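Both ligands and their constituent atoms are indexed starting at 1 by order of listing. Since the structure is predicted, the reported quantities are computational estimates derived from the model, not experimental observations. In this chain, numbering begins with 1 at the start of the sequence shown.
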Amino acid sequence: MSLIPHVIVIGAGSTGSATAHDLALRGLRVTVLERGEIASGTTGRNHCLLHSGGRYCVNDKEGAIECIRENLILRRIMPHALELNDGLFVAVSDEDLAFKETFLAGCAECHIPAREIPVRQALEIEPFVNPDIRAAVQVPDGVFEPWRFCASFLATAIKNGAAVRNFTEVKDFIFQGHTVTGVTVLDHRTGETETLGADMVVNATGAWAGIIAAMAEVDVPVVPTAGVMVTIGERFNNMVINRMHLPHDGDIVVPIRNTSIIGTTSWRVTSPDAIEIPREQIDSMRQAGELLMPILKAGRQRGIMAVARPLISKANADARAFSRTFEAYNHRSQGAAGLVTISGGKTTTARGMAEKVSDIVCGELGIDAPCKTRTTPLVSYREFYN
Ligand SMILES: Cc1cc2nc3c(=O)[nH]c(=O)nc-3n(C[C@H](O)[C@H](O)[C@H](O)COP(=O)(O)OP(=O)(O)OC[C@H]3O[C@@H](n4cnc5c(N)ncnc54)[C@H](O)[C@@H]3O)c2cc1C
């Protein structure tokens with residue numbers, strides 16, 4: 001029997017994958033349990049924006065600072081999973097133009113490198129942007145490929161001894177007194193149920209975190225908040241094109257591979273598994289996207305998708321007003337020692353989320369092993385299935 005503590009990580013989205021890597025790098029035995037394919041939750045269907053933080057630098061400074069810090073780290077550790085194409089924030093109205101100084105001040109306050117470029121230069125770089133823009137500011141946005149993002153973290157974790165079991169759904173927790181000592185799982189490939197023991201369990205199930213926590217009779221204040229994205233089957237921009245105003249519906253066009261994705265909206269849902277897409281949201285988003293890039297009107301609509309964000313409810317506010325920051329919860333104080341939850345945040349901040357929850361896991365296990373993920377390059381996603 002191994003003396004190295006065993007940690008189960010539930011969920012193989014960006015958060016669980018980064019957590020598996022962090023814990024394995026600190027020398028722990030790690031098993032990742034994912035009910036579907038990796039990145040089959042919110043991560044696999046998001047907007048793919050490596051945030052510079054520009055979108056949040058005025059109304060959510062905490063989230064913006066996390067984004068730029070992690071953006072710069074990811075550029076170093078996973079260059080193979082990123083397209084470093086930068087972003088442009090453009091003013092398309094007088095109100096947007098009046099917002100420019102506030103925006104630039106927000107970027108400066110959050111340490112986001114931002115520089116205004118002449119409109120003529122912006123239109124030379126991005127000829128399909130609305131020709132009537134009044135101002136343009138360049139920021140270090142980028143694009144990630146979600147599956148490659150997760151697979152890079154997981155491949156590196158596997159290299160360091162972790163095991164990844166996909167199509168394995170956690171159905172319940174095993175308790176000894178007030179301590180979680182393992183989980184019951186259903187293997188969807190074999191149809192068999194089994195129990196797995198663990199010294200600690202990390203709930204990294206994003207918008208499902210509240211459902212998983214309820215299995216252990218503890219609470220996490222995660223509000224599943226859906227967003228719709230419309231994919232146009234042609235790529236018209238090289239940089240990410242954002243509207244220069246507070247985040248709103250349909251105010252960003254992200255180029256990924258040979259498509260352009262317009263997004264996104266924000267409304268609360270009761271279940272992340274059953275999201276109905278309101279027709280009017282698609283129409284209003286297309287209109288808002290076409291204001292940024294009129295050529296999108298001529299583009300073929302290739303797909304519509306909706307997924308739920310795991311937003312942390314800190315106030316009884318409108319979902320757009322929730323911070324995009326993240327939280328870790330040690331459930332020892334709620335009568336479930338051995339169980340921790342990490343949720344909220346963004347794919348861009350997954351590494352930082354992993355660091356936070358892994359610090360708690362190591363503290364609970366009495367292990368003195370510092371986080372090394374800021375400087376450790378990840379192996380290529382290509383090694384995941386080797
Ligand atoms: C519309 C939209 C656009 C977004 N765009 C961006 C963006 O451009 N850039 C960015 O950085 N962030 C973006 N985000 C935020 C980002 O997608 C999420 O914060 C992030 O993907 C959450 O990752 P996660 O690993 O915590 O959750 P998930 O990716 O959802 O992973 C949780 C996993 O847990 C699994 N799971 C659930 N229940 C069980 C169970 N019982 N047993 C085993 N496994 C289970 C699920 O299958 C899932 O794979 C966007 C979010 C939305 C909604």
Residue that, paired with Glu83, satisfies salt bridge (Lys or Arg N to Asp or Glu O under 4.0 Å) out of Arg148, Arg235, Arg257: Arg235
Member of Arg69, Arg374, Lys372, Arg26 meeting the salt bridge (Lys or Arg N to Asp or Glu O under 4.0 Å) criterion with Glu355: Arg374
Aromatic ring pairing Phe236/Phe128, orientation class (parallel under 30°, perpendicular over 60°, tilted between): perpendicular
For Pro113, all residues meeting side-chain contact (heavy atoms from CB on, under 4.5 Å), sequence neighbours excluded: Ile68, Pro140
Which protein N or O atoms sit under 3.5 Å from any N or O of ligand 1? Give each pair with its distance.
| residue | atom | partner | partner atom | Å |
| --- | --- | --- | --- | --- |
| ligand 1 | 5 (N) | His47 | N | 3.1 |
| ligand 1 | 8 (O) | Cys48 | N | 3.3 |
| ligand 1 | 8 (O) | Leu49 | N | 2.8 |
| ligand 1 | 9 (N) | Leu49 | O | 2.8 |
| ligand 1 | 11 (O) | Thr347 | N | 3.2 |
| ligand 1 | 11 (O) | Thr348 | N | 2.9 |
| ligand 1 | 11 (O) | Thr348 | OG1 | 2.8 |
| ligand 1 | 12 (N) | Thr347 | N | 3.4 |
| ligand 1 | 17 (O) | Asn46 | ND2 | 2.8 |
| ligand 1 | 19 (O) | Gly345 | O | 3.2 |
| ligand 1 | 21 (O) | Thr43 | N | 3.3 |
| ligand 1 | 21 (O) | Thr43 | OG1 | 2.8 |
| ligand 1 | 21 (O) | Thr347 | OG1 | 3.2 |
| ligand 1 | 23 (O) | Ser14 | OG | 3.3 |
| ligand 1 | 23 (O) | Thr43 | OG1 | 3.2 |
| ligand 1 | 25 (O) | Ser14 | N | 3.1 |
| ligand 1 | 25 (O) | Thr15 | N | 3.0 |
| ligand 1 | 25 (O) | Thr15 | OG1 | 3.3 |
| ligand 1 | 26 (O) | Thr15 | OG1 | 2.7 |
| ligand 1 | 29 (O) | Thr42 | N | 3.4 |
| ligand 1 | 29 (O) | Thr43 | N | 2.9 |
| ligand 1 | 29 (O) | Thr43 | OG1 | 2.5 |
| ligand 1 | 30 (O) | Thr42 | N | 2.9 |
| ligand 1 | 30 (O) | Thr42 | OG1 | 3.4 |
| ligand 1 | 41 (N) | Val170 | O | 3.1 |
| ligand 1 | 42 (N) | Val170 | N | 3.0 |
| ligand 1 | 44 (N) | Arg35 | N | 3.1 |
| ligand 1 | 47 (O) | Glu34 | OE2 | 2.7 |
| ligand 1 | 47 (O) | Arg35 | NE | 3.3 |
| ligand 1 | 49 (O) | Glu34 | OE1 | 2.7 |
| ligand 1 | 49 (O) | Glu34 | OE2 | 3.3 |
| ligand 1 | 49 (O) | Gly41 | N | 3.3 |

side-chain hydrogen bond (donor to acceptor under 3.5 Å, both in side chains) contacts touching residues 97-113 (sequence neighbours left out): Lys100-Glu116
Partner set under side chain to side chain donor-acceptor pair (under 3.5 Å) for Thr259, not counting sequence neighbours: none
